[in-house]
Amino acid sequence: MAASTNSFLVGNNTQIPALKPKSTSQSLLHLSKPNTVNFAGKTKPVAVRCVASTTQVQDGVRSGSVGSQERVFNFAAGPATLPENVLLKAQADLYNWRGSGMSVMEMSHRGKEFLSIIQKAESDLRQLLEIPQEYSVLFLQGGATTQFAALPLNLCKSDDTVDFVVTGSWGDKAVKEAKKYCKTNVIWSGKSEKYTKVPSFEELEQTLDAKYLHICANETIHGVEFKDYPVTKNPDGFLVADMSSNFCSKPVDVSKFGVIYGGAQKNVGPSGVTIVIIRKDLIGNAQDITPVMLDYKIHDENSSLYNTPPCFGIYMCGLVFEDLLEQGGLKEVERKNQRKADLLYNAIEESKGFFRCPVEKSVRSLMNVPFTLEKSELEAEFIKEAAKEKMVQLKGHRSVGGMRASIYNAMPLAGVEKLVAFMKDFQAKHA
């Protein structure tokens, strides 16, 4: 039996009328009390119902429940929470993107539909960060970790020196990978102090002929964030920054950097997309051993379409960029992020030592807030009880322990308020 466009097949070609999708972007499928359908004389429960979702807008970020299925407050470090209005928009267009008859996941990456998606994503990102025209924007794959190799392969020769300021685990990993392709010089490391600070830039003893200076602008694991950026002493050198976990969380003067790069999965999209913003004059000098997929020139000349890119991920990033612009741009986004961070850090400070944040106050991250309990034996209970209250992924990274609340752009104020209230209740019970 052939299925019509208004039906779908279940089991042994049994035709069931399809639900007509609602036109609203706030329509979701939910399981409900089963009805029955007959399969060869046997009755089996099959039922689906559609309900309209409800969302509340708070401080410019949607929060609350969607339909009858309540969402948790997800404090994961990455992949991380995404704006609910972005998810709903993607859901509405999932089956048939803007009347194209295809999902974004089915499109040719060289077709006009996807070209319009990736071009608008780049345009909106340029507007958000005020990226100068002398910079290229690349949508790549492999995460920031792949860039740890791509950077030295593209930007220097094997006998060139690269300086590193290491303020956490990711900066340390960048050094270890770069060593394979160039000379490295760690001019400062916070490892001996358990990565809790950023150095004074004046005390940095830079290599005078260093090709570039590398920093991790925000260390996701340790919660250390640069509030300003060093300047290279080599007049021909430039600054390179891994901004994976604070990308698009605040305004940044792109012209201060030779390269900005980061994985999208923390602040601007799902996992699978890596964004590289690079000064155009730095492109085209790759070492001979550079694999084609790591050569910035190849990707720049092909507008990030040399091979099949992570199409759906780029589409999702584009929706997030639209959302950030609609919120008023990155100055407004930063204001909201500062408000959330202040609320959480103040709660830690006001606990009189019951909760503790090890990071120096002047460089505490607006995105990733690590904290411990005075009574470390209570930490597992804290995480377990928080999960019961629908606050999840609060366990600290396995390398440092404790707790960590990642409060990226998409974390609503209500989520931080609920966490703070829970912390106060927990302290009252266990102090």
Side-chain angles (χ1 to χ4, degrees), residues 78 136 138-192 195 199 204-222 224 226 230 232-234 236-245 247 257-265 271-279 281-300 304 306-307 310 397-399:
S136 289
L138 308 177
F139 294 98
L140 307 176
Q141 302 180 65
T145 301
T146 298
Q147 296 308 308
F148 295 165
L151 287 161
L153 284 168
N154 280 272
L155 302 177
C156 58
K157 304 306 180 186
S158 59
D159 58 350
D160 286 335
T161 298
V162 175
D163 283 347
F164 287 82
V165 174
V166 179
T167 53
S169 296
W170 294 109
D172 184 57
K173 290 181 179 181
V175 176
K176 291 175 180 176
E177 187 68 7
K179 281 182 178 179
K180 302 172 184 177
Y181 310 108
C182 67
K183 295 179 181 178
T184 60
N185 183 21
V186 177
I187 60 175
W188 188 91
S189 173
K191 188 173 184 179
S192 63
Y195 297 127
L204 297 177
E205 296 183 5
Q206 297 186 38
T207 307
L208 294 180
D209 63 346
K211 196 70 176 181
Y212 61 88
L213 171 61
H214 182 280
I215 65 170
C216 179
N218 185 81
E219 283 283 355
T220 319
I221 294 173
H222 295 91
V224 176
F226 281 77
T232 58
K233 289 185 178 178
N234 179 1
D236 296 322
F238 48 91
L239 185 61
V240 173
D242 176 355
M243 292 192 179
S244 293
S245 53
F247 189 71
F257 301 84
V259 184
I260 292 171
Y261 69 100
Q265 71 275 8
S271 59
V273 180
T274 309
I275 297 171
V276 173
I277 302 169
I278 180 170
R279 215 171 66 203
D281 64 299
L282 300 176
I283 298 173
N285 302 301
Q287 296 182 32
D288 292 339
I289 63 170
T290 305
V292 65
M293 286 304 296
L294 299 188
D295 190 333
Y296 294 148
K297 183 180 179 182
I298 294 293
H299 294 293
D300 185 49
S304 301
Y306 175 72
N307 71 329
H397 190 271
R398 62 187 180 276
S399 65

For this session: State, yes or no, whether a side-chain contact exists between F139 and H299 at a heavy-atom distance under 4.5 Å.
Result: no
Exercise. Is the shortest heavy-atom distance from the side chain of Y212 to the side chain of D160 under 4.5 Å?
Worked result: no
Problem set entry | Lys/Arg cation over aromatic F238: R279, 6.0 Å, 45° cone | yes
Exercise. Quick one: does D242's side chain get under 4.5 Å of Q147's, heavy atoms only?
Worked result: no
Seminar exercise, completed: Exactly one of I278, I275, L138, L151 clears side-chain contact (heavy atoms from CB on, under 4.5 Å) with Y261, and that residue is L151
For this session: Hey, can you tell me if F148 and H214 have their rings parallel, tilted or perpendicular (30° and 60° cut-offs)?
Result: perpendicular
For this session: In plain terms, say whether K297 and D295 are close enough for a salt bridge, that is, a side-chain N and a carboxylate O under 4.0 Å apart.
Result: no
Exercise. Would you find more than 12 non-hydrogen atoms of other residues, nucleotides or ligands less than 6.0 Å from K191 atom NZ?
Worked result: no
Exercise. Heavy atoms, side chains only, cut-off 4.5 Å: are S244 and T274 in contact?
Worked result: no
For this session: Determine whether T167 and P199 make a side-chain contact, defined as any pair of heavy atoms from C-beta on separated by less than 4.5 Å.
Result: yes
Problem set entry | Exceeds 12 heavy-atom contacts within 6.0 angstrom, atom CH2 of W188 | yes
Exercise. So with a 6.0 Å cut-off around CG of D288, is the heavy-atom count from everything else above 12?
Worked result: no
